Amino acid sequence: MIEILTPARLSRARETGALVADILHTLKGRAAVGTNLLDIDRWAQTMIVEAGAQSCYVDYAPAFGRGPFGHYICTSVNDAVLHGLPHDYTLVDGDLVSLDLAVSLGGVVADSAISFVVGDSPAPEDVALIDVTERALAAGIAVAGPDARVGDVAHAIGTVLSEAGYPINTEFGGHGVGSTMHQDPHIPNTGRPGRGYRLRPGLLLALEPWVMADTDRLVTDADGWTLRSATGSRTAHSEHTVAITADGAEILTLPRPARGQAGADPSS
Ligand code: MG
Ligand code: MG
């Protein structure tokens, strides 16, 4: 299903997006050497509940996972890249953490992910890995608009990833968002320009480039959820929910202080 939001629902989506961004950046600020992944999950739960929002994860039980997820946020560390199930692990200096969060507020979902390194001396290779996912995300957002097709966005993302030398996995990618977390259209992290569904104002998209340093193969942990690099290499993931507008794409999942500066057209 492809959902086109009315202006009233788009206003609600902005509130959901701001909440997701605020929670993620609060958690990034708190995550430090000595923080347990279960602390991060509990903090996320508290903020979601206090905001009157609903978790999209707790009861999430897709075919590729094992039963309901049962937690409020995905915490993927180092070689873990997607769907990291929070567990009893204490962060150490240099850990590369990806946090992925989706919540529903007022009937509209927003979905975002950030990656960062814990401690004061991140490895340059980790910084480069995170940077390429952020640049790929920015490139996808820059071409997203009412004249673009899904293939244009996918191609823009994939070009940044492949030019930086990273393999691209197409099993998991971006997606439409609306009253539920995962909707059509699927937005792979590589594609052919000029192909696919033509974007329309009112469409929400979650764009989410992610990479593993030296492989495109994933393996699943014994927990049935956490997806890791098959080679054990480091990984990174960046995601924003954007709204297609009359003249571009508006990022909904920026932290509140940055939203005024970002304006309605981040592609300019
Ligand atoms: Mg996500
Ligand atoms: Mg997503």
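These numbers were taken from a predicted model, which means no experiment stands behind them.
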Examine distances only and state if a side-chain atom of [X] and a backbone atom of [Y] form a donor-acceptor pair shorter than 3.5 Å.
| X | Y | result |
| --- | --- | --- |
| H87 | L85 | yes |
| N78 | L96 | yes |
| D22 | R256 | yes |
| S238 | L137 | no |
| N189 | G158 | no |

Got [X] and [Y] here, is their nearest side-chain heavy-atom distance under 4.5 Å?
| X | Y | answer |
| --- | --- | --- |
| I130 | S115 | yes |
| T215 | N169 | no |
| N36 | Y89 | no |
| V242 | L204 | no |
| Y197 | L203 | yes |
| L129 | T133 | no |
| H240 | L252 | no |
| L205 | P185 | yes |

Side chain to side chain contact (heavy atoms under 4.5 Å, CB included) assessment of D152 paired with H155: CA-CA 5 Å; D152 299 322; H155 177 73; 5.8 Å; no
From CA spacing to verdict: side chain to side chain contact (heavy atoms under 4.5 Å, CB included), T190, T170: CA-CA 7 Å; T190 184; T170 52; 3.7 Å; yes
Would you compute the distance between atom [atom1] of [X] and atom [atom2] of [Y] and round it to the nearest 0.5 angstrom?
| X | Y | atom1 | atom2 | answer |
| --- | --- | --- | --- | --- |
| L161 | I168 | CG | CD1 | 4.5 Å |
| S104 | Q54 | OG | CD | 5.5 Å |
| R12 | L5 | CZ | CG | 9.5 Å |
| R14 | L105 | CZ | CG | 14.0 Å |
| H83 | T75 | NE2 | OG1 | 12.5 Å |
| I40 | T26 | CD1 | OG1 | 12.5 Å |

Between H186 and H175, ring centroids under 6.0 Å: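 For H186 and H175, the ring centres are not under 6.0 Å apart.
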Ring centres under 6.0 angstrom apart (F172, H237):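 Ring centroids of F172 and H237 are no less than 6.0 Å from each other.
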Does [X] share a hydrophobic cluster with [Y], counting links as ILVMFWY side-chain heavy atoms below 4.5 Å and allowing steps through other members?
| X | Y | value |
| --- | --- | --- |
| I244 | I251 | yes |
| V97 | L82 | no |
| I48 | L37 | yes |
| V77 | F116 | yes |
| I114 | V132 | no |

salt_bridge(R42, D39) N-O dist < 4.0 Å: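 Salt bridge flag = yes for D39 with R42.
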Electrostatic pair R234-D79, nearest N-O below 4.0 angstrom: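 Salt bridge: no.
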D221/R228 under salt bridge (charged side-chain N to carboxylate O under 4.0 Å, His left out): CA gap, chis, key distance, verdict: CA-CA 7 Å; D221 267 11; R228 293 182 189 274; 2.6 Å; yes
Give me the atom names and distance for the closest heavy-atom approach of [X] to [Y].
| X | Y | value |
| --- | --- | --- |
| L24 | I73 | CD2-CD1, 4.1 Å |
| L207 | G140 | CD1-C, 4.0 Å |
| A213 | P167 | O-CD, 4.0 Å |
| A236 | V81 | O-CG2, 3.9 Å |
| G84 | S76 | N-OG, 3.1 Å |
| V109 | T16 | C-CG2, 3.9 Å |

Working for side chain to side chain contact (heavy atoms under 4.5 Å, CB included), residues L27 and M47: CA-CA 10 Å; L27 295 173; M47 287 186 273; 3.6 Å; yes
Step-by-step salt bridge (charged side-chain N to carboxylate O under 4.0 Å, His left out) determination, D223 to R66: CA-CA 8 Å; D223 65 20; R66 181 181 297 161; over 6 Å; no
Reference residue S112; test side-chain contact (heavy atoms from CB on, under 4.5 Å); the match among L99, V20, L101: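 Exactly one pass, corresponding to V20.
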Atom CG of D214 with >12 non-hydrogen neighbours under 6.0 angstrom: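 Count over threshold, so yes.
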Heavy-atom neighbours of R30 CZ exceed 12 at 6.0 Å: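 Check passes, neighbour count above 12.
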Residues S179, E3; criterion side-chain hydrogen bond (donor to acceptor under 3.5 Å, both in side chains); working and verdict: CA-CA 8 Å; S179 51; E3 201 173 323; 2.9 Å; yes
Whether H71 and F69 hold their rings parallel, tilted or perpendicular, with breakpoints at 30° and 60°: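 It falls in the perpendicular class, over 60°.
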Ring geometry between Y60 and F64 (parallel below 30°, tilted from 30 to 60°, perpendicular above 60°):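 Rings of F64 and Y60: perpendicular, over 60°.
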Verdict with reasoning, D100 to Y57, per side-chain hydrogen bond (donor to acceptor under 3.5 Å, both in side chains): CA-CA 10 Å; D100 191 347; Y57 291 166; 3.2 Å; yes
